[in-house]
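Within every chain, numbering begins at 1; the chains are lettered A, B, ... in the order of the sequence lines, protein sequences first and strands thereafter.
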Protein chains: 2
Amino acid sequence: MLYLSYSSCGSLISKVGEFLKEIEGILSSECLKELALDDIKGELSRLAPYLKVIFSRWVPEIIYALYLKRRLSFNEMKKAFGISSRVLTDKLRLLEEYGLVKKEVDTSTRPIRVYYELTNSGKEVGLALIPLLTILKGKVKSI
Amino acid sequence: MLYLSYSSCGSLISKVGEFLKEIEGILSSECLKELALDDIKGELSRLAPYLKVIFSRWVPEIIYALYLKRRLSFNEMKKAFGISSRVLTDKLRLLEEYGLVKKEVDTSTRPIRVYYELTNSGKEVGLALIPLLTILKGKVKSI
DNA sequence: CTGAATCCTTTATGATACTG
DNA sequence: CAGTATCATAAAGGATTCAG
């Protein structure tokens, strides 16, 4: 069961399950009935810039890894994901622009090292990613 | 406040907040310490096929809308998202393959209409998407 | 209305080489 | 090590047309 790493946090999966059941209750009971498709559309188009960033290649991986490891260097991520440095740079710059990631340069070494970590805002996103990834992991197992 | 549609379900936002705080506790207390980057990488590569599907353009929108509206026709989605029919077809086929969406053909009308809804598996994903989108909405407001 | 078929454009990503 | 620059390619998406 090691491969599922954080699911060895036994309480997590059941907690996610409980939670999703709760919000399902809220969503279905109160306010879904009169929701127009246009409202949904409007909502989503406001989110579009964020969706474009978050739901793009490597970004969930980066956020997730940073969330769990707290702090990673450029090279650690590059090797871990097998991503080219150009693309990794692009993504990190984008995440910085959106205030989700912050960069710290350690000039005391030679060559210098650059570390990245999530901002508070980025941590929120990382956290909100957990339920989704947890659900998806359940699906992978069942294939 | 209407533009945030389901956030008029007042209790949802606070519930998401509570929950995220709870799992944050679980994640930080128990099992993060010894988690290796390689484990994270392994986990993510198992998820890769799902990540590729879920985290691709239009898919979050489709799942979210289907989750909230329960049932939409091909044309409703096409118009709502302003997506071309080729791409919409592609995405729906993919989601069907992954068992997240099911299709129902109503042949009693002329021309026929085709409706899509989430499978149970798809509903889980839709539900798990809510915390993430809720967090992102908070960020959009604050810009 | 629901697509399948085509074609075409854009974007995203990969590979490689190079610099401070 | 952490990028930047460049080139090449693949993948994704859009527009249009057409048929059952």
Solution key, residues 76-85 of chain A side-chain donor-acceptor pairs under 3.5 Å, sequence neighbours excluded:
residue: A/Glu76; atom: OE1; partner: A/Ser73; partner atom: N; Å: 2.7
residue: A/Glu76; atom: OE1; partner: A/Ser73; partner atom: OG; Å: 3.4
residue: A/Ser84; atom: OG; partner: A/Val87; partner atom: N; Å: 3.4

Original post:
Nucleotide range of DNA chain D contacted by chain A, 5' to 3', under 4.0 Å to a heavy atom?
Top reply: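 Extent of the interface on DNA chain D: D/dC1 to D/dT6.
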**OP:** Please report, rounded to the nearest Å, how far the P atom of C/dC1 is from the CE atom of B/Met77.
**Re:**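 Answer to the nearest Å: 13 Å.
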**OP:** Return yes if some donor-acceptor pair links the side-chain N/O of B/Lys69 with the main-chain N/O of A/Leu35 below 3.5 Å, else return no.
**Re:**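 Flag set: sc B/Lys69 to bb A/Leu35 pair under 3.5 Å.
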Original post:
Of B/Val125, B/Leu127, B/Val101, which meets side chain to side chain contact (heavy atoms under 4.5 Å, CB included) against B/Leu118?
Top reply: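 The option that passes is B/Val101.
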Original post:
With sequence neighbours left out, what residues match B/Lys123 under side chain to side chain donor-acceptor pair (under 3.5 Å)?
Top reply: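 Partners of B/Lys123 under the side chain to side chain donor-acceptor pair (under 3.5 Å) test: none.
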Heavy-atom closest contact ([X] atom, [Y] atom, distance):
X        : Y        : result
A/Leu51  : B/Glu61  : CD1-OE2, 3.7 Å
A/Thr119 : A/Gly99  : OG1-O, 2.6 Å
B/Ile63  : B/Gly122 : CG2-O, 4.3 Å
B/Leu100 : B/Ser121 : CD2-OG, 3.6 Å

Subject >> B/Tyr116 OH to B/Leu95 CG distance, which is reported to the nearest 0.5 Å >> reply: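 Nearest 0.5 Å value for the OH-CG distance: 10.5 Å.
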**OP:** Indicate whether OP1 or OP2 belonging to C/dC1 is found under 4.0 Å from a side-chain N or O atom of B/Tyr116.
**Re:**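 So the side chain of B/Tyr116 is outside the cut-off, no N or O lying under 4.0 Å from OP1 or OP2 of C/dC1.
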Original post:
Taking only residues two or more places apart in sequence or in another chain, which ones pass salt bridge (charged side-chain N to carboxylate O under 4.0 Å, His left out) with A/Glu22?
Top reply: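 B/Lys15.
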Original post:
Looking for any heavy atom pair under 4.0 Å, which part of the strands does A/Tyr115 touch: base, sugar-phosphate only, or nothing?
Top reply: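 The answer is nothing, as A/Tyr115 stays clear of every strand by at least 4.0 Å.
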**OP:** Would you give a per-nucleotide map of nucleotides 4-20 of chain C, 5' to 3', where B means the base has a protein non-hydrogen atom under 4.0 Å away, S means only the sugar-phosphate does, and - means neither?
**Re:** B-B-----SBBB-----
Original post:
At what angle, to 10 degrees, do the two end axes of the helix from C/dC1-D/dG20 to C/dG20-D/dC1 meet, given five pairs define each axis?
Top reply: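 For the helix from C/dC1-D/dG20 to C/dG20-D/dC1, the axes at either end differ by 50°.
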